[in-house]
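Okay, so here's the structure we're looking at.
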Amino acid sequence: MKKTSVYDNVTRQFAKAADLMKLDSEIRKILAKTTNEVVVNFPVKMDDGRIEMFTGYRVQHNNALGPYKGGLRYHPAVEINEVRALATWMTWKSAIVNIPFGGAKGGIQFDPSKYSESELERITRRFTFTLGSNIGPEYDIPAPDVNTNAQIMAWIVDTYLSTMPAHERQAAVHVVTGKPVESGGSIGRDKATGQGVVFTIEEWAGEKNFDLKGATYFVQGFGNVGSWASRLLKAHGSNLLAAEDVSGAIFNPDGIDPDDLYEYTQKNKGLVGGYPKAEPVDHDTFLATKADIFIPAALENQITVKTAPTLNVKLVAEGANGPTDPEGDAILQERGIDVLPDVLCNAGGVIVSYFEWLQNKRSEFWNLEEVDGKMRRKLVAGYERVRDTAREYKTDWRTAAYIVALTRLETVYKERGIFP
Ligand code: NAD
């Protein structure tokens with residue numbers, strides 16, 4: 001049997017929405033393909049003097065609505081089909097929350113935990129140099145994703161600017177977003193994706209008359225997205241029961257303090273193997289945790305034909321990209337479990353990336369209230385569009401979210417036509 005990739009999931013989700021909305025068949029051909037796929041092999045000198053070769057990717061799916069935009073992932077599982085899928089989701093995401101960006105994604109296939117800080121810096125700088133003019137502040141703008149952070153964005157901006165003529169450098173700081181605040185980043189970008197997850201959960205709770213005070217949740221992935229979402233939900237009086245990262249899962253029926261757990265992870269490597277206020281549990285037990293909300297915030301294909309029947313929750317709020325495959329989706333729907341789909345639920349990150357890009361272009365600094373307030377308004381407007389579309393087409397929220405995006409893109413292609 002042919003092994004299916006996460007890109008097959010995107011293709012199937014796309015086909016379902018395109019059929020239902022009767023997307024123009026010519027425009028369908030365009031959106032079904034990525035525009036550019038850059039694969040680079042590049043050498044880096046290791047601390048011991050050896051040369052190691054790395055493979056990096058940048059896939060640009062579509063830029064009809066604005067410059068290509070999307071994160072960079074450092075992970076051993078990075079490969080062309082995964083990057084294609086992640087790039088395509090970025091196109092839909094920007095269109096759903098109505099920001100003037102297209103979709104792209106990139107990464108390097110390696111395990112960064114096995115390299116020193118100075119090796120990581122050289123890998124990042126050489127990758128940036130090798131990508132050259134395939135990225136650019138008005139062309140394609142990377143950002144953090146799994147295993148990349150503000151420090152890595154700082155190395156990218158420094159390398160990119162260093163290759164430009166001196167008089168053009170200041171005008172190109174917006175070549176990446178998610179930078180440290182001192183290096184031109186936006187206040188609120190670090191927490192933006194987790195904050196957006198919580199804003200969409202608040203909307204869902206408001207509509208369902210569901211009280212978040214005393215509600216229970218568990219989270220897969222305790223990195224940028226998972227830890228922020230957990231900590232921000234705590235402020236509602238909700239109770240974190242379990243968490244999982246690459247080291248394994250932990251559980252406490254009386255609740256885990258996400259701020260305390262976050263502090264622990266800052267000083268120790270993983271969740272499992274020392275956190276004293278929860279017990280380790282296996283992966284299957286973790287996924288079957290009885291709670292109100294599950295926040296997947298790690299990798300793709302976690303909710304599948306095998307695991308969807310074991311979930312014991314009212315809501316899945318997708319912080320991760322692609323955590324649910326189409327079979328998993330169908331089971332959640334059958335079981336009446338609500339899903340806030342990734343392309344909506346985790347869009348807070350790209351919205352605040354857009355704000356960072358705007359601030360850089362205008363030499364402005366917004367305060368946190370302004371950033372959070374504007375992000376919330378954009379995200380809630382996207383939420384309402386998806387909700388209304390789900391009602392109009394009598395379909396699930398993921399398909400509705402795709403229809404919102406495809407409708408916007410279809411309009412633009414019809415207005416502009418195809419050159420020549
Ligand atoms: P991160 O590197 O900060 O954190 C990833 C977390 O997932 C870590 O805790 C890691 O231990 C855990 N993890 C890795 N493999 C795992 C496994 N097999 N089982 C359980 N946990 C595992 O990454 P992040 O930025 O928080 O991204 C997480 C997800 O959110 C990804 O799907 C990413 O594409 C998505 N996302 C991130 C952003 C952003 O702004 N960073 C925006 C939108 C979507």
Side-chain angles (χ1 to χ4, degrees), residues 6 69-78 82-83 85-90 92-94 96-97 103-107 111-113 142-153 176-179 185-186 188-197 200 218-231 242-250 258 261-262 264-266 268-273 281-284 286-287 294-303 307 317-324 340-356 375 379:
V6 65
K69 183 87 189 83
L72 290 177
R73 178 174 292 196
Y74 288 180
H75 196 277
V78 167
E82 183 187 58
V83 186
L86 291 162
T88 310
W89 281 320
M90 287 307 298
W92 312 149
K93 201 178 295 184
S94 299
I96 290 161
V97 293
K105 204 85 177 193
D111 180 353
S113 69
D145 191 74
V146 174
N147 291 332
T148 57
N149 55 24
Q151 173 61 70
I152 286 172
M153 299 306 115
V176 281
T177 57
K179 299 180 289 288
S186 176
R189 174 61 185 89
D190 192 39
K191 73 172 174 114
T193 307
Q195 179 69 76
V197 169
T200 55
F218 66 108
V219 62
Q220 182 187 45
F222 206 74
N224 175 281
V225 180
S227 68
W228 273 114
S230 302
R231 293 161 72 195
E244 182 179 53
D245 72 359
V246 71
S247 72
I250 54 170
L261 187 63
Y262 176 72
Y264 176 85
T265 58
Q266 294 312 96
N268 299 276
K269 269 213 152 144
L271 297 180
V272 174
V281 287
D282 65 46
H283 177 67
D284 292 346
F286 165 78
L287 277 183
F294 174 40
I295 305 173
L299 300 173
E300 299 92 17
N301 284 344
Q302 298 300 305
I303 303 173
T307 60
E318 295 184 338
N321 285 306
T324 311
L340 290 170
D342 48 9
V343 284
L344 170 69
C345 187
N346 71 34
V350 74
I351 295 174
V352 177
S353 273
Y354 166 54
F355 296 160
E356 178 175 331
M375 189 260 272
L379 199 57

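Counting convention: from 1, in listed order, for ligands and their atoms alike.
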(message) For atom 9 (O) of ligand 1, what is the closest protein heavy atom, and at what distance to 0.1 Å?
(response) Phe222 N, 2.9 Å
(request) List the atom of Pro323, the atom of Asp342, and the distance in Å for their closest heavy-atom pair. (result) CD-OD2, 4.1 Å
(message) Please tell me whether Arg189 and Ser353 have a donor and an acceptor in their side chains that are separated by less than 3.5 angstrom.
(response) yes
(request) Could you find the nearest protein heavy atom to atom 23 (O) of ligand 1 and give me its residue, atom name and distance? (result) Val146 CA, 3.4 Å
(request) Could you tell me if any non-hydrogen atom of Arg73 lies under 4.0 Å from any atom of ligand 1? (result) yes
(request) If the plane angle is over 60° it's perpendicular, under 30° parallel, otherwise tilted; pick one for Phe218 and Phe286. (result) perpendicular
(request) Work out which heavy atom in Ala298 is nearest to a heavy atom in Gly221; give both atom names and the distance. (result) CB-CA, 4.0 Å
(request) Can you pull out the closest protein heavy atom to atom 44 (C) of ligand 1? Residue, atom name and distance to 0.1 Å, please. (result) Asn321 ND2, 3.4 Å
(message) Looking only at distances, can you tell me whether any N or O atom of Lys93, backbone or side chain, sits closer than 3.5 Å to an N or O atom of ligand 1?
(response) no
(request) Examine Asn147 against ligand 1 and note whether any of their N/O atoms are separated by less than 3.5 Å. (result) yes
(message) Using a 3.5 Å distance criterion without hydrogens, assess whether the side chain of Ser247 forms a donor-acceptor pair with backbone atoms of Val272.
(response) yes
(message) Could you work out, for atom 41 (N) of ligand 1, the closest of Asn149, Val246, Asn224 by heavy-atom distance?
(response) Asn224
(message) Gly221 versus ligand 1: do any nitrogen or oxygen atoms come within less than 3.5 Å of each other?
(response) no
(message) For Thr148, which part has a heavy atom under 4.0 Å from ligand 1: side chain, backbone, both, or neither?
(response) neither
(request) Tell me which protein heavy atom sits closest to atom 18 (N) of ligand 1, plus the residue, atom name and distance to 0.1 Å. (result) Leu299 CD1, 4.2 Å
(message) Return the closest protein heavy atom for atom 34 (O) of ligand 1 as residue, atom name and distance.
(response) Asp145 OD1, 2.6 Å
(request) Identify the two heavy atoms, one from Phe222 and one from Ala243, that lie closest to each other, and give their separation to 0.1 Å. (result) CD1-CB, 4.5 Å
(request) Would you give the length of the straight line joining atom CG of Leu271 to atom CD of Glu244, rounded to the nearest 0.5 angstrom? (result) 8.5 Å
(message) Please work out, at 4.0 Å between heavy atoms, whether the side chain, the backbone, both, or neither of Ala297 comes within that distance of ligand 1.
(response) backbone
(request) Taking only heavy atoms of Gly223 into account, list the atoms of ligand 1 that are under 4.0 Å away from them. (result) 3 (O), 4 (O), 6 (C), 8 (C), 9 (O), 26 (O)
(request) Work out which heavy atom in Gly349 is nearest to a heavy atom in Thr193; give both atom names and the distance. (result) CA-OG1, 3.1 Å
(request) Looking only at protein heavy atoms, identify the closest one to atom 30 (O) of ligand 1 and say how far it is in Å. (result) Gly319 O, 3.4 Å
(request) Apply side chain to side chain donor-acceptor pair (under 3.5 Å) to Asn321 and Asn346, showing your working. (result) CA-CA 8 Å; Asn321 285 306; Asn346 71 34; 3.1 Å; yes
(message) Quick test of your reading of the structure: of Asn346, Leu86, Val225, whose heavy atom lies closest to atom 26 (O) of ligand 1?
(response) Val225
(request) Check whether any N or O atom of Ala298, backbone or side chain, sits under 3.5 Å from an N or O atom of ligand 1, and answer yes or no. (result) yes
(message) For Gly178 versus Pro144, what's the shortest heavy-atom pair and its separation?
(response) CA-CD, 3.8 Å
(message) Testing the basics here: between Ser94 and Val350, what is the closest heavy-atom pair and its distance to 0.1 Å?
(response) OG-CG2, 4.3 Å
(message) Against ligand 1, does Arg189 come closer than 4.0 Å with any heavy atom?
(response) yes
(message) Test of understanding: given a 4.0 Å heavy-atom threshold, classify the contact between Thr193 and ligand 1 as side chain, backbone, both, or neither.
(response) side chain
